[in-house]
Amino acid sequence: MGYFWALMSVLLVSCAQLMMKWAMVTLPPVGQRDAFISAFVSVSPGAVVLVIGLFAYVFSMGCWFMALRRVALSKAYPLLSLSYVLVWGAAIWLPWLHEHFSTGKLVGVSVIFMGLLLVCLPDRKS
């Protein structure tokens with residue numbers, strides 16, 4: 001059950017990152033304080049998505065606490081790197097985030113994923 005909570009945490013934090021990125025692109029710059037506050041007062045889509053993203057982040061922490069109660073830290077912590085892979089893939093795939101594919105980034109994300117597999121696969125007993 002611990003891995004379930006860890007994966008839920010990874011999925012929630014990945015969704016939160018994507019939502020917060022989209023929200024911050026659509027909202028007025030924070031430096032334009034009046035416009036930024038106005039976007040929240042008028043309940044603009046960007047403001048709604050930002051708040052949902054923040055709540056997803058909080059819920060991901062709750063799932064992470066549950067995972068840490070059940071999974072060894074040496075196995076659980078590397079699972080967080082899966083969010084790098086998921087966010088990168090989603091950022092490339094979702095057209096409204098305007099991210100560009102690059103071979104170098106693919107290699108970097110592949111190295112992260114291979115490291116995750118090496119850490120999380122069961123140990124062979126001799």
Side-chain angles (χ1 to χ4, degrees):
M1 193 66 173
Y3 285 104
F4 167 79
W5 289 113
L7 290 174
M8 286 302 297
S9 177
V10 167
L11 289 173
L12 281 167
V13 79
S14 298
C15 289
Q17 290 291 336
L18 294 165
M19 286 187 280
M20 289 187 294
K21 168 65 176 178
W22 180 84
M24 294 312 295
V25 169
T26 60
L27 287 169
V30 177
Q32 298 175 2
R33 188 172 44 104
D34 292 339
F36 190 76
I37 292 170
S38 176
F40 277 88
V41 171
S42 66
V43 192
S44 72
V48 170
V49 170
L50 180 61
V51 170
I52 292 170
L54 290 170
F55 274 109
Y57 220 93
V58 169
F59 289 133
S60 78
M61 290 304 297
C63 292
W64 186 244
F65 295 150
M66 297 297 286
L68 290 178
R69 291 180 57 88
R70 294 167 172 83
V71 178
L73 188 59
S74 62
K75 296 283 187 179
Y77 196 73
L79 285 174
L80 290 178
S81 65
L82 185 56
S83 70
Y84 299 129
V85 176
L86 294 175
V87 169
W88 178 79
I92 299 299
W93 185 65
L94 298 170
W96 55 86
L97 292 176
H98 309 292
E99 297 282 339
H100 300 287
F101 174 84
S102 85
T103 305
K105 291 177 184 175
L106 175 62
V107 170
V109 169
S110 298
V111 169
I112 291 170
F113 189 73
M114 293 304 294
L116 174 65
L117 289 177
L118 290 173
V119 170
C120 289
L121 286 177
D123 296 329
R124 289 179 104 187
K125 294 190 180 191
S126 301

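In what follows, every heavy atom counts, from backbone to side chain, and hydrogens, waters and symmetry copies are set aside. Numbers for residues simply follow the sequence, beginning at 1.
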Check: For the residue pair Lys21 and Glu99, what are the closest heavy atoms and their distance?
Finding: CE-OE2, 4.0 Å
Notebook entry, point to check: Do Leu79 and Leu117 belong together in a cluster built from hydrophobic side chains that touch within less than 4.5 Å?
Noted result: yes
Checklist line | Heavy atoms from other residues, nucleotides or ligands near OH of Tyr77 exceed 12 (cutoff 6.0 Å) | finding: no
Next item on the list: Please name the pair of heavy atoms, one in Ala76 and one in Leu68, separated by the smallest distance, quoted to 0.1 Å.
Entry: CB-CD2, 4.2 Å
Check: Would you say Phe101 and Trp93 are hydrophobically clustered, going by side-chain heavy atoms of ILVMFWY under 4.5 Å?
Finding: no
Next item on the list: State, to 0.1 Å, how close Met19 and Ala56 come at their nearest heavy-atom pair, and which atoms those are.
Entry: CE-CB, 4.0 Å
Notebook entry, point to check: For Leu27 and Ser44, which heavy atoms make the closest approach, and how far apart are they?
Noted result: CD2-OG, 3.7 Å
Margin query: Please give me the minimum heavy-atom distance between Tyr84 and Ile112, naming the atom from each residue.
Written below: CB-CD1, 4.3 Å
Margin query: Test of understanding: clusters of I, L, V, M, F, W, Y form through side-chain heavy atoms closer than 4.5 Å, transitively. Do Met114 and Val109 belong to the same one?
Written below: yes
Note to self: Counting only heavy atoms not in Arg69 (residues, nucleotides, ligands), do more than 12 fall under 6.0 Å from its CZ?
What the structure shows: no
Next item on the list: Could you tell me the separation between the CZ atom of Phe113 and the CG atom of Leu106, rounded to the nearest 0.5 Å?
Entry: 12.0 Å
Next item on the list: Write down the atom of Val119, the atom of Lys75, and the distance for their closest heavy-atom approach.
Entry: O-NZ, 3.2 Å
Margin query: Do Phe40 and Leu50 have side chains that approach each other closer than 4.5 Å (heavy atoms only, starting at C-beta)?
Written below: yes
Check: Among the clusters formed by ILVMFWY side chains lying less than 4.5 Å apart, do Phe36 and Met20 turn up in the same one?
Finding: yes
Notebook entry, point to check: Hey, any chance Trp96 and Val48 share a hydrophobic cluster, counting ILVMFWY side chains that come within less than 4.5 Å of each other, even indirectly?
Noted result: yes
Please list, one pair per line, the donor and acceptor atoms closer than 3.5 Å that link side chains of residues 3-18 to other protein atoms, with sequence neighbours excluded.
from: Ser9; atom 1: OG; to: Ser60; atom 2: O; distance (Å): 2.9
from: Ser14; atom 1: OG; to: Val10; atom 2: O; distance (Å): 2.7
from: Gln17; atom 1: NE2; to: Tyr57; atom 2: OH; distance (Å): 3.3

Margin query: With rounding to the nearest 0.5 angstrom, report the NE2 to NZ distance, His100 to Lys105.
Written below: 8.5 Å
Item checked: Connected hydrophobic set around Phe65, excluding itself, where side chains approach under 4.5 Å -> Met61
Item checked: Side-chain hydrophobic cluster, 4.5 Å single linkage: members besides Ile37 -> Val41
